[in-house]
K.L.:
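My questions all concern the structure below.
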Amino acid sequence: MTNPILAPELLELLDSGDTATLRELAREHHPALIAQFVSALDSPDIWRVLTALETQQAAQLFSHLDLDHQVELATGSNRKAMAKLLEAMAADDRADLVRRLDDTVQQELLPLVAHAQREDIRRLVAYREGTAGALMSSEYAAVSPDLTAAQAIEQLRAQAPDRETIYYVYVLDDAHRLVGFLELKDLIRAKPHQPVRLLMLTEVIRARVEDDQEQVARLIEKYDLLALPVVNDVGQLVGIVTHDDALDVIRQEQTEDLEKFMGISGSHEVGTYLKASAWSHFRKRVMWVVGLAALGLVSGMIIHGYEQMFTTLMVLALYMPMVADTGGNTGSQAATLVIRALAMGEITPAGALKVLAKELQVSCLLAMVLGALAFAKVMFLSSSAAIPAGLTLTRVGLAIAVALGLQVVSSTLIGAMLPIGAARLKLDPAVVASPALTTLVDITGLLIYFNITSMMLGV
């Protein structure tokens with residue numbers, strides 16, 4: 001969100017050359033808030049703000065701009081100033097930015113960055129997108145197991161200015177392998193002469209560089225960690241994933257699952273709704289909508305096949321939408337719960353029978369309640385409806401209630417089976433379940449409704 005109200009004030013400070021006030025403003029407020037104000041400015045004016053600030057202030061402000069803004073600024077002509085910002089930015093933030101830059105811009109910009117930071121950027125950028133390696137930061141605190149607590153604290157004091165966090169301290173052997181872990185508070189509480197080797201925990205929760213980023217985020221969430229160490233194939237510590245990056249991943253994955261669940265294809269990025277063109281939104285939505293609309297013709301054919309039944313007993317047409325909507329709602333509930341449980345690792349495709357048994361119990365209870373409500377609705381709302389000779393309203397209401405109850409059971413089981421079946425076939429449950437669910441439930445619901453009422457009423 002930008003704040004255009006404060007943009008003129010920022011420009012006034014720049015035009016008057018009052019950089020002291022601007023720097024004081026940056027010191028007194030969080031960089032995210034300043035970035036919100038600055039985002040309302042044009043790129044040249046944003047650069048004026050950045051160059052007026054101290055390097056560290058500018059880097060923090062720049063990191064809180066949205067990534068599209070960062071790419072636009074980095075692609076401009078201020079290569080030397082941009083290189084200085086990259087050197088001062090957090091390792092994971094600058095790697096994310098460089099990944100988004102064109103090859104030409106990278107080739108022009110990276111040689112201007114200091115050697116150590118340049119090599120760090122190239123190493124992080126080399127990891128495959130969506131993995132722990134691509135998500136991690138190389139700015140972690142580490143000590144040797146041979147140090148005492150007092151020596152370790154002194155070493156951390158020296159490392160602190162360049163580290164993303166020092167609350168977690170990783171213990172590395174001479175080969176840079178992760179052999180232990182301790183918190184800063186453990187060092188502070190320890191006696192000065194106590195060796196780190198005796199203070200550290202040797203069982204360290206860790207990730208590997210090729211682990212999926214969602215798996216890493218779930219580990220951080222599960223164990224309530226501030227950061228998670230990432231090791232390579234030989235156990236050497238290569239970086240950490242912090243809780244704020246894990247939160248971004250979880251939000252991104254939830255956005256992706258939600259959009260896939262609604263049949264929206266393409267990329268699934270957070271905060272891009274207004275930035276994307278109408279044509280882009282159209283392309284993401286059209287495939288499933290058109291495909292399912294064509295498949296929906298099956299429903300029309302089923303209704304056409306039972307056209308004579310409506311002529312004989314018009315009251316059945318009044319309750320057909322209720323049966324279809326109820327089936328869609330219960331099916332969607334089951335699918336949502338199962339997809340969420342699959343994503344959280346609570347269930348696996350191997351446990352399909354347990355899931356179906358549970359959903360069968362739930363659906364039977366729902367069927368009894370909803371069937372009774374449907375029967376009451378027919379008796380109350382259709383008391384004046386024309387009923388053919390040989391039939392009674394009670395009999396009609398009972399047939400509709402039974403059909404609705406069976407629709408609830410079948411829809412619930414379909415809603416549970418679709419995502420599990422997709423997961424078993426190594427497909428994305430969110431993509432398969434929701435778009436297919438509505439059409440499938442409509443088709444089965446109509447078949448159940450017409451066959452049950454036809455059989456029970458003899459029409």
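In this chain, residues are counted from 1 in sequence order.
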K.L.:
Hey, does N232 have a side-chain heavy atom less than 4.5 Å from the side chain of R208?
P.N.:
no

K.L.:
Indicate the atoms forming the closest heavy-atom contact of P145 with L172, along with that distance.
P.N.:
CD-O, 3.1 Å

K.L.:
Say you draw a straight line from NZ of K354 to OG1 of T348; how long is it, rounded to the nearest 0.5 Å?
P.N.:
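Going from the NZ atom of K354 to the OG1 atom of T348 covers 9.0 Å.
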
K.L.:
Between R94 and D120, is there a side-chain heavy-atom distance shorter than 4.5 Å?
P.N.:
yes

K.L.:
Between Q70 and L65, is there a donor-acceptor pair closer than 3.5 Å when you use the side chain of the first and the backbone of the second?
P.N.:
yes

K.L.:
Considering non-hydrogen atoms only, spot the tightest contact between T330 and S411 and give its length.
P.N.:
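So the minimum-distance heavy-atom pair works out to OG1-CB, 3.7 Å.
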
K.L.:
Is there a donor-acceptor pair closer than 3.5 Å between any side-chain N or O of D42 and the backbone N or O of D45?
P.N.:
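Looks like no, no N/O pair under 3.5 Å.
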
K.L.:
Between Q151 and T148, is there a donor-acceptor pair closer than 3.5 Å when you use the side chain of the first and the backbone of the second?
P.N.:
yes

K.L.:
Check the surroundings of atom CG in L425: do more than 12 heavy atoms from other residues, nucleotides or ligands lie under 6.0 Å from it?
P.N.:
yes

K.L.:
Would T242 and D244 satisfy side chain to side chain donor-acceptor pair (under 3.5 Å), going step by step from the backbone distance to the final call?
P.N.:
CA-CA 6 Å; T242 53; D244 56 325; 2.4 Å; yes

K.L.:
For R123, is there an ion pair with E119 - N to carboxylate O distance below 4.0 angstrom?
P.N.:
no

K.L.:
Does any non-hydrogen side-chain atom of I121 lie less than 4.5 Å from one of R118?
P.N.:
no

K.L.:
What are the two closest heavy atoms between P419 and I339, and how far apart are they?
P.N.:
CB-CG1, 3.6 Å

K.L.:
How long is the gap from NE2 on H64 to NE2 on H30, to the nearest 0.5 Å?
P.N.:
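Those atoms lie 4.5 Å apart.
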
K.L.:
Between F181 and V169, does a side chain to side chain contact (heavy atoms under 4.5 Å, CB included) hold up when you go through it step by step?
P.N.:
CA-CA 6 Å; F181 155 84; V169 183; over 6 Å; no

K.L.:
Starting at CD of Q213, measure out to CZ of R218 and round the result to the nearest 0.5 Å.
P.N.:
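With rounding to 0.5 Å, CD (Q213) is 11.0 Å from CZ (R218).
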
K.L.:
Which heavy atom of Y140 sits nearest to which heavy atom of H176, and what is that distance?
P.N.:
OH-NE2, 2.9 Å

K.L.:
For Q194, does its backbone N or O pair with a side-chain atom of R197 as donor and acceptor, under 3.5 Å?
P.N.:
no

K.L.:
Find out whether L97 and F62 are in side-chain contact, i.e. whether some heavy atom of one side chain is under 4.5 Å from a heavy atom of the other.
P.N.:
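Yes, at least one pair of side-chain atoms sits under 4.5 Å.
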
K.L.:
Between W47 and M82, is any pair of side-chain heavy atoms under 4.5 Å apart?
P.N.:
yes

K.L.:
Test S137 against E164 for side chain to side chain donor-acceptor pair (under 3.5 Å), laying out the working first.
P.N.:
CA-CA 8 Å; S137 168; E164 190 156 349; 3.0 Å; yes

K.L.:
Where the side chain of Q236 meets the backbone of A175, is there a donor-acceptor pair that is under 3.5 Å apart?
P.N.:
yes

K.L.:
For the residue pair I220 and V249, establish whether any side-chain heavy-atom pair is separated by less than 4.5 Å.
P.N.:
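In short, these two side chains do not touch, never coming nearer than 4.5 Å.
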
K.L.:
Would you say E108's side chain and V105's backbone share a donor-acceptor pair under 3.5 angstrom?
P.N.:
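Not at all, since once roles are kept as given, no pair shorter than 3.5 Å links the two residues.
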
K.L.:
For a 4.5 angstrom cut-off between non-hydrogen side-chain atoms, does L101 reach T75?
P.N.:
yes

K.L.:
If only atom types and distance count, is the side chain of D245 paired as donor or acceptor with the main-chain N or O of V241 below 3.5 Å?
P.N.:
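No, because the side chain of D245 does not come within donor-acceptor range (under 3.5 Å) of the backbone of V241.
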
K.L.:
Please confirm whether the backbone N or O of V441 pairs with a side-chain atom of T444, one donor and one acceptor, at under 3.5 Å?
P.N.:
yes

K.L.:
Nearest 0.5 Å, please: how far is CG in D162 from CD in E139?
P.N.:
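Going from the CD atom of E139 to the CG atom of D162 covers 7.5 Å.
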
K.L.:
Donor-acceptor pair, distance only, cut-off 3.5 Å: does the side chain of R424 make one with the backbone of P349?
P.N.:
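Yes: the side chain of R424 pairs with the backbone of P349.
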
K.L.:
Decide yes or no for I34 and L25: does some side-chain heavy atom of the first lie under 4.5 Å from some side-chain heavy atom of the second?
P.N.:
yes

K.L.:
Nearest 0.5 Å, please: how far is CE in M200 from CG in D186?
P.N.:
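The CE atom of M200 is 12.5 Å from CG of D186, to the nearest 0.5 Å.
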
K.L.:
Let me see the working for S43 and E72 under side chain to side chain donor-acceptor pair (under 3.5 Å), right down to the final yes or no.
P.N.:
CA-CA 8 Å; S43 292; E72 182 181 348; 2.7 Å; yes

K.L.:
List the steps and the verdict of side chain to side chain contact (heavy atoms under 4.5 Å, CB included) for Y168 and E183.
P.N.:
CA-CA 5 Å; Y168 286 177; E183 296 185 33; 4.0 Å; yes

K.L.:
Mark yes or no for whether R23, through its side chain, and A52, through its backbone, hold a donor-acceptor pair below 3.5 Å.
P.N.:
yes

K.L.:
To the closest 0.5 Å, what do you measure between NZ (K358) and CG (L337)?
P.N.:
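Between K358 NZ and L337 CG, I get 11.0 Å after rounding to 0.5 Å.
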
K.L.:
For residues L53 and A58, report the shortest heavy-atom separation together with the two atoms involved.
P.N.:
CB-N, 4.1 Å

K.L.:
With side chain to side chain contact (heavy atoms under 4.5 Å, CB included) as the test, would you mind laying out the steps for R122 and L110 before giving the verdict?
P.N.:
CA-CA 9 Å; R122 286 174 172 164; L110 289 181; 4.1 Å; yes

K.L.:
What heavy-atom pair brings R99 and G133 nearest, and what distance separates the two atoms?
P.N.:
NH2-O, 4.4 Å

K.L.:
Taking atom CD of E203 as the centre, report whether more than 12 heavy atoms of other residues, nucleotides or ligands fall under 6.0 Å from it.
P.N.:
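Check fails, neighbour count at 12 or below.
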
K.L.:
Between L225 and L219, is the side chain to side chain contact (heavy atoms under 4.5 Å, CB included) condition met? List the steps.
P.N.:
CA-CA 8 Å; L225 302 174; L219 278 176; 5.6 Å; no

